[in-house]
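A short write-up of the structure that comes next.
The first residue of the sequence shown is numbered 1, and numbering continues consecutively from there.
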Amino acid sequence: MAHIAHHTPLLPPHPDLRRARNCTQCLGWGTVVTRDGDHELCLTCQPDPGDREDGLDSPR
């Protein structure tokens, strides 16, 4: 059975592929697909931007 992609006004997350390169959870993609079919950043290799002290999401 074919599935139609969901249309959403939200842009997909942009992972840092350097961090994702050797990740076994997302297999190097930097994102994972939820049960609802949404793309989210991988919690294993992609840091939460809110965790940074300076508020920037660039690598240190």
Side-chain angles (χ1 to χ4, degrees):
M1 174 183 269
H3 296 279
I4 298 173
H6 298 284
H7 294 284
T8 178
L10 302 174
L11 295 174
H14 296 280
D16 182 350
L17 297 179
R18 289 174 290 156
R19 293 178 185 262
R21 181 171 293 151
N22 295 319
C23 182
T24 57
Q25 182 69 27
C26 66
L27 303 175
W29 287 95
T31 60
V32 292
V33 179
T34 66
R35 290 182 182 201
D36 296 329
D38 298 326
H39 288 264
E40 292 183 352
L41 290 176
C42 177
L43 297 176
T44 304
C45 66
Q46 302 297 311
D48 183 14
D51 290 344
R52 296 286 310 264
E53 291 134 9
D54 57 4
L56 299 175
D57 58 357
S58 61
R60 291 182 182 174

Distance from L17 atom CG to C23 atom SG, nearest 0.5 Å?
11.5 Å

Partner residues of T24 under the side chain to side chain contact (heavy atoms under 4.5 Å, CB included) criterion, sequence neighbours left out
none

Can you see which heavy atom on Q46 is nearest to which on G30, and at what distance?
CG-O, 3.4 Å

P47 side chain reached by R19 side chain, heavy atoms, under 4.5 Å
yes

Qualifying residues under side chain to side chain contact (heavy atoms under 4.5 Å, CB included), relative to H39, sequence neighbours excluded
P13, T31, V33

